[in-house]
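Please read the structure below before turning to the comments.
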Amino acid sequence: MKKERVSKDFNESNMPHNRIEVFKDIMLNRSNTLFSVGLLLLVFAIPLIIAVIFSSQAIGSFNEYTEENYQQLLLTLNTNNLLVMIGIMILSIGLAGSYKIIRMLIWQEGIFFMHDFFKGIKENIKNFLLTGFFIGLLNLVTQYLYFNVSVSEYAIMACIIVIAIFMPSVLFILGQSIIYKLPYGQLFKNAILLAWRNFYTSVPVLILNAALVVIPTFLQNIGYILYNLLIPIFIAPLLIMFNMLYTDTLFDKYINKTNFKEIYDKGIYRNGKSRN
């Protein structure tokens, strides 16, 4: 099993000086590793892709919504969204391993690719699965409330509030899980505080992530299928890296600078000092 190592034959002054340079450096010099992450993500994403395509076709088969087919529509919707939830949870297992690999890339650490990928799954599967479950559940409940005409406005409002609180926190939950060994409740609490204390940046980052989910709704037929197949390979690894570099910035600012100095600015060379 071959281990990927950071070259020893480099001038430390050529190391990335900030997180933008980290992103560029990994894109240029570790693109093969990113591509390998993307291929594994595709494997774990296949059940979700199938569920999403099946769901779109099933809902699209209702040419019109009438009183006669209303109950059948709700049953189809709930069944499809349950399958989507399962698909999200399977994908979250792959994300646990992918986050581990990309964390090691950002920190300039040597990698045993498959060993470290499955190690990441073993170490983080609980938190990633739980987060995936909550995302899938919110999707199921939101669509049920949207299509159910008998639901009160208060229930819809409560659902919107839950989404507004939880979704901006997701990136911080996942980012913390890879670094800190904390109970899920503490991760969630920290994530909410970080997300809303920095809402002016966390909300745009969330919108960027959400846009990649919304884009396929504007595509049809083969374009729709190709997009869903290609996004895990080429876009998802870059997006994960972007998300982690963003959350690392805030972790350093609010947590690492005081409590975990050994990982503060790790992987970055600033002011003549290496943090590796």
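Residue-environment remark: OH (Y254) exceeds the threshold of 12 foreign heavy atoms within 6.0 Å. Annotation for I20: atom CD1 does not count as buried by contact number, only 12 or fewer foreign heavy atoms lying within 6.0 Å.
Clustering ILVMFWY residues whenever any of their side-chain heavy atoms sit less than 4.5 angstrom apart, transitively, puts F199 in the very cluster that holds V162. Neither L226 nor V52 shares a network with the other; the hydrophobic side chains, linked directly or stepwise wherever heavy atoms of I, L, V, M, F, W or Y lie under 4.5 Å apart, form separate groups for each. V43 is not connected to I90 by any chain of hydrophobic side-chain contacts under 4.5 Å among Ile, Leu, Val, Met, Phe, Trp and Tyr, and they are in different clusters. Under a hydrophobic clustering in which Ile, Leu, Val, Met, Phe, Trp and Tyr are joined whenever their side-chain heavy atoms come within less than 4.5 Å, directly or via other members, I163 and I161 fall into the same cluster. Residue L239 is grouped with residue I49 when hydrophobic side chains (ILVMFWY) are merged at heavy-atom distances under 4.5 angstrom, including chains of intermediate members.
If you take NZ on K189 and OG on S169, they are separated by 13.5 Å, rounding to the nearest 0.5 Å. Going from atom CZ of R103 over to atom CD1 of I111 covers 11.5 Å, rounded to the nearest 0.5 Å. Between the CG atom of L34 and the CZ atom of F234 there is a distance of 11.5 Å, given to the nearest 0.5 Å. Taken to the nearest 0.5 Å, the CG atom of L187 stands 10.5 Å off from the CD1 atom of I179. Expressed to the nearest 0.5 Å, how far CG of L138 lies from SG of C159 amounts to 6.0 Å. We find the NZ-CG distance between K253 and L194 to be 10.5 Å, quoted to the nearest 0.5 Å.
A donor-acceptor pair under 3.5 Å is absent between the side-chain atoms of S92 and the main chain of G132, judged by distance alone. Side chain of D252 to backbone of D265: a donor-acceptor contact under 3.5 angstrom is found. Between the side chain of N18 and the main chain of E21, a donor-acceptor pair closer than 3.5 Å is present. A donor-acceptor contact shorter than 3.5 Å links the side chain of D116 to the backbone of F112. T258 places no side-chain N or O within 3.5 Å of a backbone atom of I255 that could act as its donor or acceptor partner.
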- request: Assess whether side-chain contact (heavy atoms from CB on, under 4.5 Å) is satisfied between L41 and I233, documenting all intermediate values.
  value: CA-CA 7 Å; L41 280 175; I233 302 177; over 6 Å; no
task: Kindly determine whether K257 and K261 satisfy side-chain contact (heavy atoms from CB on, under 4.5 Å), including the steps that lead there.
output: CA-CA 5 Å; K257 189 173 185 178; K261 293 182 180 180; over 6 Å; no
- prompt: Given the rule in the side-chain contact (heavy atoms from CB on, under 4.5 Å) test, do V170 and F134 qualify, once you have shown the distances and angles that lead to the verdict?
  reply: CA-CA 10 Å; V170 168; F134 287 138; over 6 Å; no
task: Verify side-chain contact (heavy atoms from CB on, under 4.5 Å) between T79 and F54, making sure each step is shown before the conclusion.
output: CA-CA 11 Å; T79 301; F54 177 77; over 6 Å; no
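Contact of the P16 side chain with the Y269 side chain is not registered, since no non-hydrogen atoms from C-beta on lie closer than 4.5 Å. Residues L171 and L206 have side chains not in contact (no heavy-atom distance under 4.5 Å, counting atoms from C-beta outward). Looking at L212 and Y227, their side chains come closer than 4.5 Å, going by heavy atoms from C-beta outward. In this structure the side chain of L74 never reaches within 4.5 angstrom of the side chain of Q143, judged on heavy atoms. Considering only heavy atoms from C-beta on, M89 stays 4.5 Å or farther from I93 through its side chain. Side-chain contact between S98 and F117 is present, with heavy atoms from C-beta onward closer than 4.5 Å. Looking at heavy atoms from C-beta onward, Y99 lies out of side-chain contact with N124 at the 4.5 angstrom threshold. Contact check for I106 versus M244: side-chain heavy atoms found under the 4.5 Å cut-off.
The ring-ring contact (aromatic ring centres under 6.0 Å, His included) pairs that include a residue from residues 168-193 are F166-F188, F172-Y246, Y180-F251, Y180-F260, where partners are two or more places apart or lie in different chains.
One finds a salt bridge joining E109 and K266 here, because a Lys/Arg side-chain nitrogen approaches an Asp/Glu carboxylate oxygen to under 4.0 Å.
When L245, I240, L238 are each tested for a side chain to side chain contact (heavy atoms under 4.5 Å, CB included) with I102, only one passes: I240.
When all heavy atoms are compared, the tightest approach of S202 to A195 is OG-O, 2.7 Å. The shortest non-hydrogen separation linking S31 to M27 is CB-O, 3.3 Å. The two residues N148 and Y144 make their nearest non-hydrogen contact at ND2-OH, 2.6 Å. Taking both residues in full, the closest heavy atoms of K100 and I178 are given as N-CD1, 3.9 Å, listed atom of the first, atom of the second, then distance.
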